[in-house]
Amino acid sequence: MDAPASTPRLPTLLSVVVPLYNEQAIVAPLCERLLAQLSRLGCPYEIVAVDDGSRDGTRRLLTEQAKAHPVFRVICLSRNFGLQAAVAAGLAHAKGDVIVLMDGDLQDPPELIPQLLEEWQKGAEVVFTTKKSRAETGLRRLAMDAFHAIFQRMGDIPLPLGAGNFSLIDQRALAVINALPEHNRYLPGIRSWVGFKQAEVAFARDARAAGEPRMSLRRLTKLALDGIFGFSYLPLRAATVVGFAACLLGLLLILWVLVERFITQTAILGWPSVVIAVCLLGGAQLVSLGILGEYIGRIYDEVRGRPNFVVSEVLRFDEPQQGGR
Ligand code: UDP
Ligand code: MG
């Protein structure tokens, strides 16, 4: 509205992508805060809300919002596919030349969108956010911090500490991300991998506006493993190193046994040494097999080529309804 003297460039269409799963308590405040921010930007915008198979009133409330505000598009998935699949669905349906991806629980404040846009206006094509502080506590926080620290050291790509989904992505980077056929996605990793000119905005992450986290610890663990196995060969290399170390230990043990048998002629107490060797080697082999299994399972997912998500319907009320994928 209030255009400054030297008008900065604005998106032709800004898409905000929000995945939601059982967030009925948050739909209204989320939409209110989002619309308040977007209407101030001075450019056309759309909100692509993905209903990830919610079982509460989320879908009904989103439909009501869409009826009241034609800028809404509601992508309904046929069941709960999980956060990363919902994100992929939203990104695939966004029509904007600039998109903003954010969680639907108001942990990512819509008030930060103008700042993300500013970085884009300065030339960044990917603007990611990092958490200056987290609202999470206890085991969840410990697990999140540990994952980020491990990923930063292990990943083959640079990932700034604490980078999450909340980000702005320009159309060139978005086209590449949408074209990736990859399953078991870890978006912060993919977004960093894609390259282009990247910028960082740090913010203090709020607590959830209502309810419990929808990502259970089991799902968070799966996501963390997707991140690590998707962007690092280090676990495989570690298995090789452990294998070599076990071989070396075995050789030393053989030498020791031979010395005792033929030189010092002392009696060999066989049982403990055998048990130790079997346990050590058996453990190392099983861990290595497990690591291989993680990679093979992911290869299997890729080979099967199932889509990451299935859309049951797309709701919009400004023009005739469109079909799914
Ligand atoms: N979410 C989703 N599908 C799921 C789980 C979560 O779309 O299967 C959405 C959820 O509604 C929220 C966002 O993803 O908008 C982040 O979820 P959550 O707050 O549980 O994750 P956390 O903030 O703990 O990482
Ligand atoms: Mg959350």
Side-chain angles (χ1 to χ4, degrees), residues 16-34 47-62 65 72-94 99-110 112 128-148 151 159 161-167 183-189 191 203-227 308-312:
V16 177
V17 173
V18 199
L20 296 131
Y21 176 52
N22 293 346
E23 304 285 13
Q24 63 178 9
I26 303 182
V27 172
L30 170 73
C31 295
E32 194 182 311
R33 276 172 64 179
L34 251 181
I47 299 172
V48 181
V50 182
D51 172 29
D52 186 14
S54 300
R55 288 186 300 269
D56 64 355
T58 301
R59 183 155 162 190
R60 178 179 50 79
L61 292 171
L62 285 175
Q65 290 286 345
F72 268 89
R73 219 146 20 105
V74 186
I75 317 296
C76 304
L77 302 192
S78 62
R79 65 170 172 85
N80 177 235
F81 278 87
L83 171 58
Q84 293 296 314
V87 164
L91 295 184
H93 282 81
I99 72 105
V100 168
L101 170 66
M102 58 189 291
D103 282 359
D105 58 359
L106 285 173
Q107 282 199 279
D108 301 334
L112 208 68
F128 59 88
T129 62
T130 47
K131 289 138 201 157
K132 269 195 290 201
S133 62
R134 277 186 192 283
E136 282 87 5
T137 51
L139 183 62
R140 203 173 171 82
R141 184 197 183 116
L142 210 70
M144 285 175 164
D145 286 347
F147 165 71
H148 281 282
F151 191 91
L159 186 75
L161 206 59
N165 274 342
F166 190 23
S167 52
H183 297 73
N184 302 307
R185 296 164 84 94
Y186 176 61
L187 187 88
R191 191 185 55 212
F203 76 111
R205 197 157 198 248
D206 296 332
R208 269 194 153 255
E212 292 299 311
R214 304 301 182 244
M215 290 286 282
S216 59
L217 264 180
R218 194 173 65 83
R219 283 193 162 183
L220 274 183
T221 309
K222 159 85 172 75
L223 185 60
L225 293 180
D226 284 343
N308 278 319
F309 55 86
V310 177
V311 175
S312 67

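Order of appearance sets the numbers: ligands from 1, and atoms from 1 within every ligand.
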Considering only protein heavy atoms, which is closest to atom 17 (O) of ligand 1, and at what distance to one decimal place? M215 CG, 3.8 Å

Hey, is N22 touching ligand 1 through its side chain, its backbone, both or neither, going by heavy atoms under 4.0 Å? neither

Backbone or side chain, does any N or O of A86 fall under 3.5 Å from an N or O of ligand 1? no

Counting distance only, does the side-chain N/O of Q107 pair as donor-acceptor with the main-chain N or O of D206 below 3.5 Å? yes

One pair to check against side chain to side chain contact (heavy atoms under 4.5 Å, CB included): T129 and D108. What are the steps and the verdict? CA-CA 9 Å; T129 62; D108 301 334; 5.8 Å; no

Heavy-atom side-chain contact between L83 and P19 under 4.5 Å: yes

If you count the atoms of ligand 1 from 1 in the order shown, which ones are under 4.0 Å from a heavy atom of N80? 3 (N), 4 (C), 8 (O)

Are any N, O or S atoms from Q107 nearer to the Mg ion (ligand 2) than 2.8 Å? yes

Tell me which one of E212, M102, R208 gets a heavy atom nearest to atom 18 (P) of ligand 1. R208

Hey, does P19 come in under 3.5 Å of ligand 1, counting only N/O atoms on both sides? yes

Heavy atom under 4.0 Å from ligand 1: found in E23's side chain, backbone, both, or neither? side chain

Looking at atom 19 (O) of ligand 1, what's its closest protein heavy atom, distance included? D105 OD2, 2.6 Å

Taking only non-hydrogen atoms of L20 and a 4.0 Å limit, the atoms of ligand 1 in range are 7 (O), 11 (O)

The atoms of ligand 1 lying under 4.0 Å from a heavy atom of Q107, numbered in the order shown, are 19 (O), 23 (O)

Option of least heavy-atom distance to atom 8 (O) of ligand 1 (set: Q84, R219, M144, R205): R219

Any donor-acceptor pair under 3.5 Å from R60 side chain to Q24 backbone: no

Could you list the atoms of ligand 1 found under 4.0 angstrom from a heavy atom of P213? 20 (O), 24 (O)

Which protein non-hydrogen atom lies closest to atom 6 (C) of ligand 1, naming both residue and atom, and how far is it? R214 CB, 3.6 Å

For the backbone of D105 and the side chain of D103, can you confirm whether one donor and one acceptor N or O come within less than 3.5 Å of each other? no

With respect to Q84, which candidate in L187, N308, N184 satisfies the side chain to side chain contact (heavy atoms under 4.5 Å, CB included) definition? L187

Can you pull out the closest protein heavy atom to atom 24 (O) of ligand 1? Residue, atom name and distance to 0.1 Å, please. R140 NH2, 2.7 Å

Atom 14 (O) of ligand 1 - nearest protein heavy atom and its distance: L83 CD1, 3.1 Å

Looking only at heavy atoms, which two atoms of L77 and A86 are closest? And how far apart? CD1-CA, 4.1 Å

Any donor-acceptor N/O pair, R191 side chain to N165 backbone, under 3.5 Å: yes

Heavy-atom side-chain proximity of L20 to L30 below 4.5 angstrom: yes

Among all protein non-hydrogen atoms, which one is nearest to atom 15 (O) of ligand 1, and what is the separation to 0.1 Å? G104 N, 2.7 Å

Any idea which heavy atoms bring V27 and L62 closest together, and the distance? CG1-CD2, 4.0 Å

Which N, O or S atom of D105 lies nearest to the Mg ion (ligand 2), by name: OD2

Protein heavy atom at shortest distance from atom 4 (C) of ligand 1: D52 OD2, 3.4 Å

Among all protein heavy atoms, pick the one closest to atom 1 (N) of ligand 1 and tell me residue, atom and distance. Y21 CB, 3.8 Å

Just checking R219: does its CZ atom have more than 12 heavy atoms from other residues, nucleotides or ligands closer to it than 6.0 angstrom? yes

Using atom types as modelled and distance alone, determine if a side-chain donor or acceptor of T58 lies under 3.5 Å from a backbone N or O of E23. yes

